[in-house]
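Just below is one structure, and these are the notes that go with it.
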Amino acid sequence: MPFRAPVPEYKFMFDHVVDLGQVTQTERFAEADQDVVDAILTEAGRMCEEVMYPVQRNGDLEGAVLENGKVRTSPGFADAYRQIAEGGWISTSADPEYGGMGLPHSVTTVVNEMMSASCLSLQLNPLMTQGQIEALEHHASDEIKATYLPKLISGEWAGTMNLTEPQAGSDVGALRSKAEPNGDGSYAISGQKIYISWGDNDITENVCHLVLARLPDGVPGTKGISLFIVPKLIPDENGNPGVANSLKVVSLEHKMGLHGSPTAVMQYDGATGWLIGEPHDGMRAMFTMMNNARLGVGGQGVGVAEGAYQHALAYAQERKQGRTPVEGGSGTIIDHADVRRMLATMKADVFAARAIELACAVAIDMTTATKDPEWKARAAFLTPIAKAFGTDTGIAVSEMGVQVHGGMGFIEETGAAQYSRDVRVTAIYEGTNGIQAMDLVGRKLMDGGEAAYRLLDEIEANAEAARGTFPELAEPVWEATETLRETTEWLVAQGDMNDRFAGCVPFLKGFARVLGAHYHLRAAMGEGGAGARTKLARFYITRLLPEHAGLLAHAMRGAEDLYAITVDDLAV
Ligand SMILES: Cc1cc2nc3c(=O)[nH]c(=O)nc-3n(C[C@H](O)[C@H](O)[C@H](O)COP(=O)(O)OP(=O)(O)OC[C@H]3O[C@@H](n4cnc5c(N)ncnc54)[C@H](O)[C@@H]3O)c2cc1C
């Protein structure tokens with residue numbers, strides 16, 4: 001079945017749900033008027049449908065392999081990548097001074113989401129490069145920028161991020177890779193990095209690695225880490241790829257999905273690298289890349305959910321089974337109440353997760369355009385929610401997509417299982433969803449909950465405004481927001497961080513449930529009638545929103561009862 005890029009949906013959401021207008025009215029993004037945004041979305045959507053989606057199965061069936069120390073990518077990936085690069089889709093938000101389009105991050109977020117929906121394992125390559133571009137734009141010297149940015153932005157070179165080591169996963173501060181000054185401004189980087197996405201490829205003429213390592217005087221922990229750019233081929237004096245650097249791909253991982261993305265173990269043996277940002281300040285520079293990537297990974301979840309939903313919807317309209325319970329029904333399984341429930345749940349949750357993702361992107365753009373600390377706090381607060389809820393939704397929706405297919409969902413030929421396998425890792429990489437939730441109740445509540453309360457105030461004001469038209473929808477949203485406010489207050493009051501962490505995942509999910517209801521209500525208001533969006537909002541608010549109560553009660557349990565269950569008890 002074909003993939004259809006949901007371009008009209010994005011346009012509606014920009015206009016009526018997340019208000020892209022406030023971004024495009026700023027001086028910084030004035031050139032991104034409606035015509036420009038519409039043209040970009042339409043053209044990117046066409047590329048995803050016609051170029052990327054056709055290679056998605058290849059990536060699963062004939063994944064990347066390592067042959068004689070070189071990575072060979074899946075059939076068709078090289079050509080599809082070239083078309084992505086030529087279309088400018090790697091660098092829609094990059095600095096025009098170096099060849100980027102300078103468009104709002106909201107637009108890039110949508111382009112990335114469509115690319116994820118059409119071929120996740122190939123999309124991961126540009127996503128990594130985008131993060132590297134942003135890190136260099138903010139933290140690199142002018143010389144490094146001039147050498148690397150034009151090539152990364154054009155897609156001639158690709159970028160990777162190298163944090164993880166065998167003993168340093170979630171705890172990045174435990175890394176052991178070393179950087180020794182060479183005395184000429186460069187550094188010798190040594191160490192092993194694992195799980196490096198797109199660690200090498202046979203498509204781009206160079207691969208540039210952003211590597212975290214410790215200088216000789218770097219203290220233990222995250223404060224002693226520095227960031228380096230380490231190219232596979234060292235640029236010559238003209239900026240062209242020159243001699244090979246002292247680094248190699250040791251092996252590629254065998255994974256449950258995402259086979260088209262080469263996930264590499266990388267070995268650096270005194271490889272030449274250049275410092276990005278200040279010594280020992282690598283985590284700050286890396287965070288630029290990671291925040292961008294966290295929202296991008298949330299968008300991967302939403303994109304895969306969209307693809308899985310389209311697949312399931314098409315199957316449900318073809319598969320005949322049982323007697324239809326509705327008069328005038330088609331006789332296919334879409335007539336059955338439980339199948340209808342699954343499809344409505346998938347569609348409603350894709351909308352909710354997408355709205356959170358786009359609201360986060362709009363907050364990032366408003367921060368860029370206005371430098372307003374309140375927008376900055378909003379973006380920071382929404383990022384872990386967008387990452388974790390987007391990817392949890394990708395997993396839940398694609399899993400439900402398998403269920404809609406019945407036995408055929410378990411049979412690989414339908415492609416339903418691929419979505420489920422491919423998207424599973426998105427809840428793990430870029431900081432596990434548990435780590436995201438800890439960030440939400442930890443760092444993101446360090447302001448005493450101010451950013452959270454401002455968001456809750458807006459949700460309540462919107463619900464108040466909706467009371468006249470949709471009283472039966474506005475009231476539950478308002479009430480849920482009050483419960484969420486009380487839970488947030490409880491968390492802020494806990495001095496022992498472990499009491500917050502014990503409930504952080506249900507808190508994040510509960511917060512996302514309430515946000516989802518808010519955006520559904522806005523969609524109903526934007527539609528202004530009893531159409532499909534209003535019906536979907538009613539479904540979400542009456543059937544899915546109530547989950548928030550159980551989740552938020554869970555969030556306030558504290559840690560004591562968890563530790564009352566001892567390790568021995570768990571072993572019984
Ligand atoms: C396919 C794939 C691609 C990847 N791509 C990249 C890449 O390009 N670059 C890169 O650098 N890395 C990459 N990674 C690595 C990825 O980011 C890590 O796997 C991830 O951060 C988790 O680290 P870990 O695997 O060591 O798990 P661990 O850190 O061992 O975590 C195991 C479990 O313990 C939990 N946990 C750990 N610490 C805590 C804590 N303090 N509090 C509460 N719970 C905790 C985690 O949430 C998790 O559930 C990739 C991984 C995969 C599988």
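Residues take their numbers from the sequence shown, with the count starting at 1. Counting starts at 1 for both ligands and their atoms, in listed order.
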Distance filter under 4.0 Å to Met161 heavy atoms, resulting ligand 1 atoms: 7 (C), 8 (O), 9 (N), 10 (C), 11 (O)
Heavy-atom side-chain contact between Val402 and Ser420 under 4.5 Å: yes
Those atoms of ligand 1 less than 4.0 Å from some heavy atom in Val425: 1 (C), 2 (C), 52 (C), 53 (C)
Beyond-backbone contact of Asp281 with Arg284, side-chain heavy atoms, under 4.5 angstrom: yes
side-chain contact (heavy atoms from CB on, under 4.5 Å) evaluation trace for Phe228 with Leu210: CA-CA 6 Å; Phe228 301 87; Leu210 272 185; over 6 Å; no
Residue pair Met283 / Leu227, side-chain heavy-atom distance below 4.5 Å: no
Sub-4.0 Å protein heavy atom near atom 35 (C) of ligand 1: no
Polar atom proximity, Tyr195 to ligand 1 (N or O, under 3.5 Å): yes
Under-4.0 Å heavy-atom contact between protein and atom 30 (O) of ligand 1: no
Protein heavy-atom partner closest to atom 47 (O) of ligand 1 - residue, atom, separation in Å: Thr432 OG1, 2.7 Å
Arg354/Glu306 salt bridge by N-O under 4.0 Å criterion: yes
Location of contacts on Met438 toward ligand 1, heavy atoms closer than 4.0 Å: side chain
Side-chain ion pair, Asp202 and Lys70, N-O less than 4.0 Å: no
Interfacing atoms of ligand 1 (cut-off 4.0 Å, heavy-atom, Glu430): 17 (O)
Is_contact(atom 15 (C) of ligand 1), protein non-hydrogen, under 4.0 Å: yes
Part of Leu163 with heavy atoms under 4.0 Å of ligand 1, whether side chain, backbone, both or neither: both
Ile428: numbered ligand 1 atoms lying under 4.0 Å from its heavy atoms: 20 (C)
For atom 8 (O) of ligand 1, closest protein heavy-atom neighbour: Ser197 N, 2.9 Å
Cationic N near anionic O, under 4.0 Å, Asp349 to Arg513: yes
Sub-6.0 Å ring centroid separation between Tyr419 and Tyr309: no
Protein contact of atom 24 (P) of ligand 1 - nearest heavy atom, named by residue and atom, plus distance: Gly169 CA, 4.0 Å
Within 6.0 angstrom of Lys444 NZ, more than 12 heavy atoms from elsewhere: yes
Heavy-atom check, side chain of Ile194 versus side chain of Glu165, under 4.5 Å: no
Heavy atom of protein inside 4.0 Å of atom 11 (O) of ligand 1, strictly below: yes
Part of Thr164 within contact of ligand 1 (heavy atoms, under 4.0 Å): both
Region of Lys255 that comes within reach of ligand 1 [heavy atoms, distance under 4.0 Å]: side chain
Sub-4.5 Å side-chain heavy-atom contact between Thr426 and Gln300: yes
For atom 38 (N) of ligand 1, closest protein heavy-atom neighbour: Ser170 CB, 3.7 Å
Heavy-atom side-chain proximity of Tyr268 to His209 below 4.5 angstrom: yes
Atom 4 (C) of ligand 1 touched by protein (heavy atom, under 4.0 Å): yes
Heavy atom of the protein closest to atom 39 (C) of ligand 1 (residue, atom name, distance): Ile435 CD1, 3.9 Å
